[in-house]
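First up is the structure itself, then whatever we jot down about it.
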Amino acid sequence: MKFLRNTWYCAGWSQDLLDKPLAITLLNEPVVIYRGEDGTAIALEDRCPHRFAPLSKGKVQGNNIACGYHGLVFDAKGNGTYNPHGNGAIPKGCSVKYYPVIEAQGVIWIWMGEASQADPASIIDIGECDKREGWTSVHGYLNVKCHYELVADNLLDLSHVPYLHSFLSSDEEPPAGFKEERKVEVEGNTVWSMHWNYNCPVSPLFSLLWDEAPAIGTLRAHMCWQPPSVLYLDTGFSAENGTIEDGACFPGIHLITPENEHTSHYFYAVARNKKLDDAGLNEGIRIQINNAFEFEDEPMVEACHERMPETDLIALKPVYLPGDVAGMRARRKLQELIQAETSA
Ligand code: FES
Ligand SMILES: [Fe+2]
């Protein structure tokens with residue numbers, strides 16, 4: 001199974017790239033990311049061409065990186081620039097692959113394809129989340145042992161919530177007048193999976209944002225997918241007849257990057273619009289959200305992946321349910337883009 005290459009992937013949160021080189025495998029390629037002296041994030045192949053030592057075990061020198069094994073030095077474009085041995089000449093082929101990197105919206109975006117085609121304007125704008133106060137409050141990362149499209153499917157089909165996440169749903173019987181509405185919309189490369197629950201009891205998560213939460217209201221959970229695997233969740237709970245703005249909102253982004261065909265990097269961030277100064281609540285929300293992913297979603301999608309004899313879901317002829325529509329549209333879009341890239 002091929003990956004889309006000429007696109008921007010999340011390689012990490014900017015706040016986590018400090019003074020040490022980070023080693024990360026992306027699309028099955030070992031990558032070292034480090035911050036140069038001038039503060040820019042630099043990404044190179046994490047394999048020295050001499051004896052294949054990981055450059056991530058080396059030292060940053062200015063905007064260069066020195067191999068920790070025999071001291072060859074590479075610049076920010078991956079060219080060998082210093083050889084401490086013999087007459088000091090740079091041996092033929094003494095270079096490593098370089099990956100364009102842009103830091104925007106708190107994300108380290110990396111271009112895994114043809115460097116000359118890297119277009120900063122094509123970075124997906126997750127600014128809608130960024131502009132909301134409190135956005136930076138909760139960030140997380142999980143390494144998930146399954147194909148990355150299973151993680152996206154899981155996010156696009158929120159019909160699993162009442163079965164898997166007690167904290168995000170209510171235990172109580174739906175009250176009289178409870179109504180669900182589902183809609184999928186596709187526009188260009190964007191797939192929206194929209195859910196509304198009307199006359200719905202407030203869940204424990206949303207009630208955290210109020211001193212006195214309305215017992216019944218409207219829950220919305222609209223997940224937006226864009227290729228390769230960038231998802232934005234607009235979710236909130238508002239009182240009956242109340243506005244969305246007056247309600248409790250937990251907008252979130254979910255950035256999924258293939259580590260290889262069988263494991264995925266899952267970066268997520270969740271904001272809120274109420275109780276912004278409550279630091280204790282930050283930690284409470286972080287733990288609850290992380291627990292939902294780590295102890296509920298992750299074990300389930302990993303177990304599904306284990307049961308799949310191959311990573312191509314469609315080839316396994318799965319049974320379809322209404323909640324699968326958005327995930328299937330996203331999968332189809334991605335395949336179209338991969339095919340177009342392959343034939344080009
Ligand atoms: S392995 Fe890098 S200099 Fe020898
Ligand atoms: Fe989930």
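For reference, positions follow the sequence shown, starting with 1. Side chains included, hydrogens not; waters and symmetry mates left out as well; all remaining heavy atoms used. Values in this document were obtained by computation on a predicted structure and should not be read as measured data.
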In one Ile/Leu/Val/Met/Phe/Trp/Tyr side-chain cluster, 4.5 Å: Trp111, Leu255: yes
Under 3.5 Å donor-acceptor pairs involving side-chain atoms of residues 87-95, not counting sequence neighbours:
from  : atom 1 : to    : atom 2 : distance (Å)
Asn87 : OD1    : Ala89 : N      : 2.8

From NE2 (His165) to CZ (Phe295), nearest 0.5 Å: 13.5 Å
Heavy-atom pair with the smallest gap, counting every atom of Leu158 and Ala221: CD1-CB, 3.7 Å
Side chain to side chain, Val101 and Trp109, heavy atoms closer than 4.5 Å: no
Full working for side chain to side chain contact (heavy atoms under 4.5 Å, CB included) between Tyr82 and Asn64: CA-CA 10 Å; Tyr82 177 69; Asn64 299 339; over 6 Å; no
Side-chain touch Pro21/Val60, heavy atoms, less than 4.5 angstrom: yes
Approximate separation, where rounding is to 0.5 Å, of Leu72 CG and Leu55 CG: 9.0 Å
Side chain Ser193, main chain Leu156, donor-acceptor under 3.5 Å: yes
Closest contact, heavy atoms only, Phe206 versus Gly236: CE2-CA, 3.6 Å
Common cluster, Tyr232/Trp8, ILVMFWY with side-chain heavy-atom separation under 4.5 Å: yes
Lys57 NZ to Cys48 SG distance, which is reported to the nearest 0.5 Å: 13.5 Å
Validation row, ring centre Phe250 to ring centre Phe237 under 6.0 Å: no
Heavy-atom check, side chain of Ile65 versus side chain of Asp46, under 4.5 Å: no
Close side-chain approach of Arg272 to Asn282, heavy-atom, < 4.5 Å: yes
Check: Ser238 main-chain N/O paired with Asp246 side-chain donor or acceptor under 3.5 Å: no
His50 and His70: side chain donor to acceptor below 3.5 Å: yes
For residues 140-148, run the donor-acceptor check on the side chains, cut-off 3.5 Å, and write out each pair with its distance to 0.1 Å, sequence neighbours left out.
from   : atom 1 : to     : atom 2 : distance (Å)
Tyr141 : OH     : Asn143 : ND2    : 3.2
Tyr141 : OH     : His265 : ND1    : 2.7
Asn143 : OD1    : Lys145 : NZ     : 3.1
Asn143 : ND2    : Glu259 : OE1    : 3.1
His147 : ND1    : Glu149 : N      : 3.2

Neighbour count above 12 (heavy atom, 6.0 Å) for Lys274 NZ: yes
Contacts of type side chain to side chain donor-acceptor pair (under 3.5 Å), residue Tyr99, not counting sequence neighbours: Glu29
Heavy-atom closest contact (Ala176 atom, Asn199 atom, distance): O-CB, 4.3 Å
Side chain to side chain contact (heavy atoms under 4.5 Å, CB included) evaluation trace for Glu181 with Met194: CA-CA 8 Å; Glu181 201 183 315; Met194 293 181 279; over 6 Å; no
Residue Tyr69 excluded, over 12 heavy atoms near OH under 6.0 Å: no
Polar side-chain atom of Arg47 near backbone of Phe52 as donor-acceptor pair, under 3.5 Å: no
Donor + acceptor pair across side chains of Thr218, Trp196 (<3.5 Å): no
Ion pair check, Glu185 and Lys183, cut-off under 4.0 Å: yes
Rounded distance [0.5 Å steps], CD in Gln226 versus OG1 in Thr7: 10.0 Å
Any side-chain heavy-atom pair of Asp211 and Lys275 under 4.5 Å: yes
Residues Tyr98 and Asn79: side-chain donor-acceptor under 3.5 angstrom: no
Inter-residue atom distance Cys249.SG - Leu233.CG, 0.5 Å rounding: 10.5 Å
Heavy-atom neighbours of Asp277 CG exceed 12 at 6.0 Å: no
Check: Glu341 side chain, Asn6 main-chain N or O, donor-acceptor pair, under 3.5 Å: yes
Heavy-atom side-chain proximity of Asp125 to Gln105 below 4.5 angstrom: yes
Distance-only side-chain donor-acceptor flag, Asp75 / Thr81, under 3.5 Å: no
Met308 vs Leu150, side chain to side chain contact (heavy atoms under 4.5 Å, CB included): CA-CA, chis, key distance, verdict: CA-CA 11 Å; Met308 292 169 63; Leu150 289 189; 3.9 Å; yes
Heavy atoms from other residues, nucleotides or ligands near CD of Glu310 exceed 12 (cutoff 6.0 Å): yes
Joint cluster assignment, Ile42 & Leu17, ILVMFWY side-chain distance < 4.5 Å: no
Val270 with Leu164, same ILVMFWY side-chain cluster at under 4.5 Å: no
Minimum heavy-atom distance between Arg35 and Leu18, given as atom pair plus value: CB-O, 3.6 Å
Note, His305 side chain near Thr311 side chain (heavy atom, < 4.5 Å): yes
Rounded distance [0.5 Å steps], CD1 in Ile289 versus CG in Asn291: 10.0 Å
Leu219 reachable from Ile216 in the ILVMFWY side-chain graph, under 4.5 Å edges: no
Atom of Val191, atom of Ala326 and distance for their closest heavy-atom approach: CG1-O, 3.7 Å
Test log, rule side chain to side chain contact (heavy atoms under 4.5 Å, CB included), inputs Ile285 and Asp278: CA-CA 11 Å; Ile285 290 171; Asp278 188 336; over 6 Å; no
Side chains of Ile253 and Phe267 in contact at under 4.5 Å (non-hydrogen atoms): no
For Pro228 against Tyr9, the heavy-atom pair lying closest together: CG-CE2, 3.4 Å
